Amino acid sequence: MRSPKDFFAPLALGAPAPVREIPVTPSRMIHFFDPGNEKMAAKVPDLAKKVDVLLGNLEDAVRADRKEAARAGLVAIAKANDFGKTQLWTRVNSLDSPWVLDDLITLVTEIGDKLDVIMVPKVEGAQDIHYVDRLLAQLEARAGLTKPLLVHAILETASGVANVEEIAGASPRMQGISLGPADLAASRRMKTTRVGGGHPGYLVRTDPVGDDLTAGRTTYQQDLWHYTVARMVDACAMHGILPYYGPFGDIRDVVACEDQFRNAFLLGCVGAWSLHPVQIGIAKKVFSPSPSDVAWARRVIAEMGDGTGAVMIDGKMQDDASVKQCRVVAELADALAADDPELAAAYDAATKEALG
Ligand SMILES: CC(=O)SCCNC(=O)CCNC(=O)[C@H](O)C(C)(C)COP(=O)(O)OP(=O)(O)OC[C@H]1O[C@@H](n2cnc3c(N)ncnc32)[C@H](O)[C@@H]1OP(=O)(O)O
Ligand SMILES: CC(=O)C(=O)O
Ligand SMILES: [Mg+2]
């Protein structure tokens, strides 16, 4: 392990200095596309106006015989477009694959100045981040980059979950972590066959009434991902990086997708992945606080003055701790509204009504 004194030193001569704070820019949806798929690639310039993050995926979901085409497609798309404030990320192939070395060398060399974040799949522990960290520094130095690339880990192995705190703190490049429920389920030998979401068999049942064990017993489906998301959120918060729910594979079930995203939002995640255009609006809705919550948060902040003491608002006690929660919501709303006049107007209208 590096000495804390060296934590922010560049890992190669000529590499840019690591960032001291992870930039918090909107990343409510990380929109996945296959850069080697012509139909999807054609939609990218238009999609860039609707999403916070565009991610050119090179890993799973790209066929083995299309890996080079995906990599070349991403280089071409990045060179041909200026996405403005929309971030451009990539997911490279896993560190044990035959493609990842060329992914990193090509992308950093060719479009390192256009990429914001490199997502690394199947991270097992800090050693994986250390490997990528040093290699990126060497490549950045060679390419003459002035801004360091950030790294995002996918939490999708049992070992990764066991080591999530050390992964989150492994490098100043660490931008965030996403839950990878599909590979994680396989790694844990869970008996699910889905990409995220719940399972009707994972439930609790109310107690029996009398001797009849079958009648009148309501069941409640439980969230398979609660434990992992909560652990991931704590690890990220501890290290000042950002947690994300990952993919929801049942594209048709927009209702359950919204529920899963909202669970993650309420637990502290800042965004989720959109795998299909239909999921973009869901993520935008869920990961932007609602106007009524923003109005309430602003009202509590206003009534709490310097933020200390206790007051009663609409029958509810507010004190130093509740005003801190309200600041989280209000600050997120302000950051999102800064680039979204429609959202800003909705927040202001609700606040006006709440404050009278
Ligand atoms: C477990 C994990 O690792 S998850 C991450 C990896 N997986 C992915 O990245 C999957 C990304 N998404 C996809 O591949 C596709 O959305 C699929 C395969 C799920 C569905 O694709 P389709 O069957 O083409 O869906 P559908 O017919 O509804 O698509 C409608 C249009 O949207 C396009 N489209 C679909 N998904 C996307 C996308 N993610 N980005 C851009 N355009 C898309 C299609 O090309 C199609 O275009 P067209 O109207 O010009 O024909
Ligand atoms: C997100 C991802 O890669 C997975 O669920 O496996
Ligand atoms: Mg995976």
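Atoms within a ligand are numbered from 1 in the order they appear, just like the ligands themselves. Keep in mind it's a predicted model, so treat the numbers as computed, not measured. Every heavy atom of this structure was used, including side-chain atoms; hydrogens, water molecules and symmetry mates were not.
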Tabulate distances under 3.5 Å between N/O atoms of ligand 2 and N/O atoms of the protein, writing both atom names on each line.
from, atom 1, to, atom 2, distance (Å)
ligand 2, 3 (O), R91, NH1, 3.0
ligand 2, 3 (O), E156, OE1, 2.8
ligand 2, 5 (O), G180, O, 3.4
ligand 2, 5 (O), P181, N, 3.1
ligand 2, 5 (O), A182, N, 2.7
ligand 2, 6 (O), E156, OE1, 2.9
ligand 2, 6 (O), D183, N, 2.8
ligand 2, 6 (O), D183, OD2, 3.0

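Just one of D234, D223, V229 meets the side chain to side chain contact (heavy atoms under 4.5 Å, CB included) condition when paired with L267; it is V229.
Within the 6.0 Å centre-distance limit, the rings of H152 and Y244 are counted as a close aromatic pair.
Of the listed residues (H31, M40, K43), the one carrying the non-hydrogen atom nearest atom 13 (C) of ligand 1 is M40.
Any N or O atom pair closer than 3.5 Å counts here, and V195 shares no such pair with ligand 1. Taking distance alone, with nitrogen or oxygen atoms compared against 3.5 Å, A182 stays at or beyond that limit from ligand 1. Of the polar atoms of K39, at least one N or O is found under 3.5 Å from an N or O of ligand 1, judged by distance alone.
Between the side chain of R217 and the backbone N or O of T206 there is at least one donor-acceptor pair closer than 3.5 Å. Looking only at distances, a side-chain donor or acceptor of S187 sits under 3.5 Å from a matching main-chain atom of A158. In terms of modelled atom types and a separation under 3.5 Å, the side chain of R91 and the main chain of D60 share a donor-acceptor contact. The backbone N or O of I241 lies less than 3.5 Å from no partner atom in the side chain of H239, so there is not a single donor-acceptor pair.
Salt-bridge check for D250 with R194: failed, with every basic side-chain N at 4.0 Å or more from each acidic carboxylate O. Salt-bridge check for R66 with D34: failed, with every basic side-chain N at 4.0 Å or more from each acidic carboxylate O.
Contact atoms of ligand 1 toward D60: 6 (C) (distance under 4.0 Å to a heavy atom of the residue). Counting the atoms of ligand 1 from 1 in the order shown, those under 4.0 Å from a heavy atom of L275 are 4 (S), 5 (C), 11 (C), 12 (N), 13 (C), 16 (O), 36 (N), 38 (C), 39 (N). Near A61, the atoms of ligand 1 lying under 4.0 angstrom from a non-hydrogen atom of the residue are 6 (C), 7 (N), 8 (C). Near P247, meaning under 4.0 Å from one of its heavy atoms, ligand 1 places the atoms 4 (S).
Hydrophobic clustering keeps L11 apart from L104 (ILVMFWY residues linked when any side-chain heavy atoms are closer than 4.5 Å, directly or through intermediates). Hydrophobic clustering, with ILVMFWY side chains joined whenever heavy atoms are under 4.5 angstrom apart, groups I280 together with F265.
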Review point. Under the salt bridge (Lys or Arg N to Asp or Glu O under 4.0 Å) criterion, do D319 and K324 qualify, and how do the steps go?
Key: CA-CA 9 Å; D319 69 4; K324 282 182 198 154; over 6 Å; no
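Remark: minimum distance from atom 27 (O) of ligand 1 to any protein heavy atom is reached at H276 NE2, 4.9 Å.
Rounded to 10 degrees, the OE1-metal-OD2 angle spanning E156 and D183 at the Mg ion (ligand 3) equals 100°.
Under 4.0 Å from ligand 1, the heavy atoms of L47 that appear belong solely to its side chain. Heavy atoms of E59 found under 4.0 angstrom from ligand 1: none, in either backbone or side chain. With a heavy-atom cut-off of 4.0 Å, N57 touches ligand 1 through its side chain alone.
With contacts defined as side-chain heavy-atom distances shorter than 4.5 Å, the pair S288/Y347 qualifies.
Ligand 1 is approached by R91 to a heavy-atom distance shorter than 4.0 Å.
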